[in-house]
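Structure first, then comments.
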Amino acid sequence: MEQQLDYAAVRAAAGRIAGAIRPAAVVPAAEGVWYALEYLQHTGSFKARGARNFLAAHHRAGTLPDTGVTIASGGNAGLACAWAARAQGVPATVFLPANAPRVKVERLRGYGAEVRLVGDRYADALAACEEFAAASGALASHAYDHPLIAAGAGTLLDEIRAALPGLDTVVVAVGGGGLFAGIATAAREHGVRVVAAEPENSRALNAALEAGRVVDVAVDSVAGDSLGATRVSADALAAARHEGVRSVLVPDPAITAARRALWEEHRIVVEAGAATALAALRTAPQPLGERVAVVLCGANTDPGDLTAPGI
């Protein structure tokens, strides 16, 4: 099924997932700043949008096999894929390294997924996933690098605009770039600026912009569990090259401080990856805009360290 990432794809995605996802709540946070509370989404992150769009598009096209969908991901993408597959009534087979945390395995099984533990690295799980897809005919999904996944994520931008008239800037964390690519595609349609925030030591998009092509990067960040892609998608790099997009790097201490501030000031618990967007705003040397939305994109985290003594 041929797909491309453009605003028409984002609008089509909005139609497919309408009524199935939770529209984003947008709340005032400070003077000129609003939070988009996407961590309240089904499965705890924005990934539900892309997964639902991906499977719904294949279902409507008659290309969703009875053997269902498969993905290698123990994080937010795996949870979203399992949730979306259950909604479509097809099996989801999720591959994880054997050392994956038990809580992730149990959550995936709670969504009805068959979990297969392979090897001790993500690469091992991915290879097994690809082999399974080829042998079974299951539809292979991806955590971020697919136009349908990115277009689904991009539906968030129009919801923010509807809730916040006059929006001029949106700040979004970037890992592999699915959320960023979708949001930037929709934002460009409306003249909204995008700030792409990455940890200093997990900078796949920033490095690609610097190199002029997609490159592999090392990952060593407190936000690496959700922003730890070693390379960004080609769609994300293309979106970042447009006028109105700014790439920003933030240090880990600023990410940790932003995450704690969300808890202490608002009783909001998010992943370090989600706090990266707020960290970019808090460390900016000058205001990023007059009406700025910060996307708080996921909350699949252990909140224990927020209240632990001495932290």
Atom of Ala258, atom of Ala275 and distance for their closest heavy-atom approach: CB-O, 3.6 Å

Check whether Tyr7 and Phe180 end up in the same hydrophobic cluster, where Ile, Leu, Val, Met, Phe, Trp and Tyr are linked by side-chain heavy atoms less than 4.5 Å apart. no

Using a 4.5 Å cut-off on heavy atoms from C-beta on, say whether the side chain of Arg109 contacts that of Val105. yes

With a 4.5 Å cut-off on side-chain heavy atoms, are Asn76 and Thr43 touching? no

Common cluster, Val170/Leu164, ILVMFWY with side-chain heavy-atom separation under 4.5 Å: yes

CG (Asp124) and CG (Leu117) are apart, to the nearest 0.5 Å, by 12.0 Å

Taking atom CD of Glu106 as the centre, report whether more than 12 heavy atoms of other residues, nucleotides or ligands fall under 6.0 Å from it. yes

Check whether any side-chain N or O of Thr155 sits under 3.5 Å from a backbone N or O of Gly152 as a donor-acceptor pair, and report yes or no. yes

Could you measure the distance from the CG atom of Asp216 to the OG1 atom of Thr230? Nearest 0.5 Å is fine. 5.0 Å

So do Leu157 and Leu167 actually touch side chain to side chain, heavy atoms under 4.5 Å? yes

Is it the case that the side chain of Glu198 and the backbone of Asn206 share a donor-acceptor pair, with hydrogens and angles ignored and the cut-off at 3.5 Å? yes

Using atom types as modelled and distance alone, determine if a side-chain donor or acceptor of Glu200 lies under 3.5 Å from a backbone N or O of Asp252. no

Just verifying a value: how many Å separate Leu148 CG and Gln3 CD, rounded to the nearest 0.5 Å? 4.0 Å

Can you tell whether the side chains of Glu159 and Arg49 come within less than 4.0 Å, N to carboxylate O? yes

How far apart are the closest heavy atoms of Ala204 and Gly175, and which atoms are they? CB-O, 4.1 Å

For the atom pair CG (Leu64) and CD (Gln88), what is the distance rounded to the nearest 0.5 Å? 6.0 Å

Give a yes or no answer on whether the side chain of Ser202 reaches the backbone of Leu227 with a donor-acceptor pair at less than 3.5 Å. yes

Dump the intermediate steps for side chain to side chain contact (heavy atoms under 4.5 Å, CB included) on Val174 and Tyr144, then the final yes or no. CA-CA 11 Å; Val174 182; Tyr144 60 88; over 6 Å; no

Going by heavy atoms in the side chains, are Leu79 and Leu108 under 4.5 Å from each other? yes

Is it true that a side-chain atom of Arg188 and a backbone atom of Asp6 form a donor plus acceptor pair closer than 3.5 Å? no

Determine whether a donor-acceptor pair (N or O, by modelled atom type, separation under 3.5 Å) exists between the side chain of Ser73 and the backbone of Gly78. yes

Within 6.0 angstrom of Arg102 CZ, more than 12 heavy atoms from elsewhere: no

Out of Arg16, His58, His146, which one pairs with Asn53 under the side chain to side chain donor-acceptor pair (under 3.5 Å) rule? Arg16

Taking the side chain as every heavy atom from C-beta outward, state whether Asp235 and Pro147 have any atom pair closer than 4.5 Å. yes

Same hydrophobic cluster for Ile71 and Ile17, using side-chain heavy-atom links shorter than 4.5 Å among ILVMFWY? yes

Determine whether the aromatic ring centres of residues His42 and Tyr111 are separated by less than 6.0 angstrom. no

Show the nearest heavy-atom pair for residues Gly154 and Ala186, with the distance to one decimal. O-CB, 4.0 Å

Going by an N to O cut-off under 4.0 Å, is there a salt bridge joining Asp168 and Arg291? no

On a heavy-atom basis, the closest approach of Pro91 and Asp66 is CD-O, 3.4 Å

Any side-chain heavy-atom pair from Glu131 and Phe95 closer than 4.5 angstrom? no

Would you say Glu271's side chain and Asn300's backbone share a donor-acceptor pair under 3.5 angstrom? yes

Following the transitive rule for hydrophobic clusters with a side-chain heavy-atom cut-off under 4.5 Å over Ile, Leu, Val, Met, Phe, Trp and Tyr, establish whether Val215 and Leu205 coincide in one cluster. no

Can you tell if the side chain of Val194 reaches within under 4.5 Å of the side chain of Val172, non-hydrogen atoms only? yes

Indicate yes or no: at least one non-hydrogen side-chain atom of His142 is less than 4.5 angstrom from one of Ile149. no

Residues Ala140 and Ala133: closest non-hydrogen pair is CB-CB, 4.2 Å

Can you tell me how far CD of Glu264 sits from CZ of Arg259, rounded to the nearest 0.5 angstrom? 11.5 Å

Taken to the nearest 0.5 Å, the spacing of Thr63 OG1 from Leu139 CG works out to 7.0 Å

Under the side chain to side chain contact (heavy atoms under 4.5 Å, CB included) rule, what do Val295 and Ile160 come out as? Steps first, then yes or no, please. CA-CA 9 Å; Val295 178; Ile160 296 173; 4.0 Å; yes

State whether the number of non-hydrogen atoms from other residues, nucleotides or ligands found under 6.0 Å of His190 atom NE2 is greater than 12. yes

Nearest heavy-atom contact between Ser221 and Pro199 is OG-CB, 3.2 Å

Same apolar cluster: Leu209 and Leu249, side chain cutoff 4.5 Å: no

Under a 4.0 Å threshold between the charged nitrogen and the carboxylate oxygen, would Arg11 count as salt-bridged to Asp158? yes

What's in the same ILVMFWY side-chain cluster as Val292, cut-off under 4.5 Å, chained through other members? Val27, Val33, Tyr35, Leu37, Tyr39, Leu40, Val171, Val195, Val222, Val248, Val250, Ile255, Leu262, Ile268, Val270, Leu278, Leu281, Leu288, Val294, Leu296

